[in-house]
Amino acid sequence: ISFTQFQFTHLSSVLFPAQSTDFATGQLIGESIIQPDTQAIIVFTDGIHTNGEAFLNGLSSVNPTITIAGGMAGDNGLLKQTTVFNLTQHSMHGGVAVALNNSDLIVHSHYNFDWQAIGRKMQITRAKGNIVYEIDHLPAAKVYEKYLGSEVANHLPVTGIEFPLIKIEGETQVGRAVVAKLEHGALAFAGNL
C-alpha cells in the first residue's frame, strides 16, 4: 500500500461497474472524472473480465493529453475473482479511478518493462480483440505447450501470468498475460494482441 499526500492538488474518485463494452466503461469514467485542470489519472480495472486496451482507449478518448497510470487488479494468480474499490463502493467487474486536479501540477511518466523476450518472434494469425485463436497457425494453447511444455499448458491460464506474450508497438514492448483458457485452444489476454 502506498500513501501520497497532496497540499494543492484536489483528488476526485469514481467507480463504475462494467458497461456494455470495456471501451464504454473507460469512456464513462473519463467523462465523469476529467476536469479542465486534471493532469493525471490513476486507474485500476478488474483483472479477469476487462480488456485493458479497450478500457484505456475509451478513457483516453475523452482527453488523450492526460497521463494515465495504474493497472489491473490481481488475486495472486488464481484468476478467480478480483475487486476494485474506493472509499464507498466496490466492483468485481469494472474500474475505479482517481484524478489529480491542479493546473500547476507537473507530471512525469516513466515506463519500466521488466520482462525478457525468449524464443523467436511469432505472428498472431487469428484473433478478435483480446481473444487469440491461433499463433503461427497453431491453436494459441498449443503454442504454449510446444515451447513451454505440457505442465505450463495444462495449468493455463494460471501459468500464463508467468509467461505473457510480448507485443511490440513501435519501439515499445507491451506484455499481455493470459486471463482465460477458452474452447478449442483459444486464450483470452488482458489486452488486445
Side-chain angles (χ1 to χ4, degrees), residues 1-2 15-26 28-29 42-59 68-86 89-98 111-119 122 124-136 138-169 172-193:
I1 298 177
S2 298
L15 182 145
F16 282 102
Q19 303 300 300
S20 58
T21 66
D22 295 323
F23 182 94
T25 306
L28 181 62
I29 286 176
I42 302 170
V43 62
F44 288 92
T45 66
D46 74 86
I48 297 173
H49 307 288
T50 299
N51 177 331
E53 186 167 347
F55 177 88
L56 284 175
N57 288 341
L59 179 59
I68 300 171
M72 299 179 84
D75 65 353
N76 289 325
L78 300 176
L79 297 171
K80 295 193 183 295
Q81 177 181 319
T82 61
T83 304
V84 293
F85 58 90
N86 61 16
Q89 300 171 288
H90 72 279
S91 176
M92 291 176 277
H93 190 178
V96 63
V98 175
Y111 174 75
N112 183 13
F113 190 74
D114 210 14
W115 292 98
Q116 179 64 44
I118 59 172
M122 296 182 226
I124 304 297
T125 48
R126 191 161 70 98
K128 182 176 181 182
N130 67 327
I131 308 296
V132 176
Y133 299 97
E134 293 180 358
I135 302 170
D136 287 341
L138 290 173
K142 286 285 186 194
V143 171
Y144 273 80
E145 182 177 358
K146 179 178 178 179
Y147 291 101
L148 299 171
S150 58
E151 184 73 18
V152 170
N154 291 338
H155 290 94
L156 286 170
V158 174
T159 53
I161 290 178
E162 298 175 38
F163 300 100
L165 294 185
I166 297 175
K167 171 181 171 179
I168 299 172
E169 293 180 355
T172 303
Q173 294 182 333
V174 179
R176 292 289 190 232
V178 177
V179 295
K181 186 175 183 179
L182 308 173
E183 293 180 354
H184 308 296
L187 300 173
F189 288 81
N192 296 347
L193 279 163

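Only this structure's heavy atoms are used, side chains among them; waters, hydrogens and symmetry mates stay out.
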Only pairs under 3.5 Å count here: list side-chain donor-acceptor contacts from residues 158-169, not counting sequence neighbours, and write none if there are none.
residue, atom, partner, partner atom, Å
Thr159, OG1, Val152, O, 2.7
Lys167, NZ, Glu53, OE1, 3.2
Lys167, NZ, Glu169, OE2, 3.0
Lys167, NZ, Asn192, O, 3.3

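Side-chain contact check for Val96 versus Phe85: every heavy-atom pair is 4.5 Å or farther apart. Side chains of Thr83 and Asp46 form no contact here, defined as non-hydrogen atoms less than 4.5 Å apart. The shortest distance between side-chain heavy atoms of Ile124 and Glu134 does not fall below 4.5 Å. Side-chain contact check for Ile131 versus Leu187: every heavy-atom pair is 4.5 Å or farther apart. Two residues are said to be in side-chain contact when any heavy atoms from C-beta on lie closer than 4.5 Å; Phe189 and Val179 fail this criterion. Side chains of Ile68 and Val43 form a contact here, defined as non-hydrogen atoms less than 4.5 Å apart.
How far CG of Leu138 is from CE of Met122: 9.5 Å, rounded to the nearest 0.5 Å. Residue Glu145 holds its CD atom at 11.5 Å from CD of Glu151, rounded to the nearest 0.5 Å. How far OH of Tyr144 is from CD1 of Ile135: 6.5 Å, rounded to the nearest 0.5 Å.
Nearest heavy-atom pair across Gly47 and Met72 is CA-CB, 4.0 Å. For the pair Lys181 and Ala141, the tightest heavy-atom approach, listed with the atom from each and the gap, is CE-CB, 4.2 Å.
Without hydrogens or angle criteria, Asp75 side chain to Gln81 main chain gives a donor-acceptor distance under 3.5 Å. Counting only distance, with no hydrogens or angles, the side chain of Asp22 and the backbone of Ala54 share no donor-acceptor pair below 3.5 Å. Using modelled atom types, one side-chain atom of Ser91 and one backbone atom of His93 make a donor-acceptor pair closer than 3.5 Å. The backbone N or O of Asp114 lies less than 3.5 Å from no partner atom in the side chain of Gln116, so there is not a single donor-acceptor pair.
In this structure, Phe113 places its CZ atom where more than 12 heavy-atom neighbours from other residues, nucleotides or ligands lie under 6.0 Å away.
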Step-by-step side-chain contact (heavy atoms from CB on, under 4.5 Å) determination, Met92 to Thr82
CA-CA 6 Å; Met92 291 176 277; Thr82 61; over 6 Å; no
Could you go through Val84 and His90, starting from their C-alpha distance and side-chain angles, then the distance that decides it, and tell me whether this counts as side-chain contact (heavy atoms from CB on, under 4.5 Å)?
CA-CA 6 Å; Val84 293; His90 72 279; over 6 Å; no
Checking side-chain contact (heavy atoms from CB on, under 4.5 Å) for the pair Asn51/Phe23: CA distance, chi angles, key distance, verdict?
CA-CA 9 Å; Asn51 177 331; Phe23 182 94; over 6 Å; no
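If you run side-chain contact (heavy atoms from CB on, under 4.5 Å) between Ile29 and each of Leu59, Thr45, Leu15, only Leu59 comes through.
Remark: Arg126 is positioned above the aromatic ring of Tyr133, its terminal NZ or CZ atom under 6.0 angstrom from the ring centre and at most 45 degrees off the axis.
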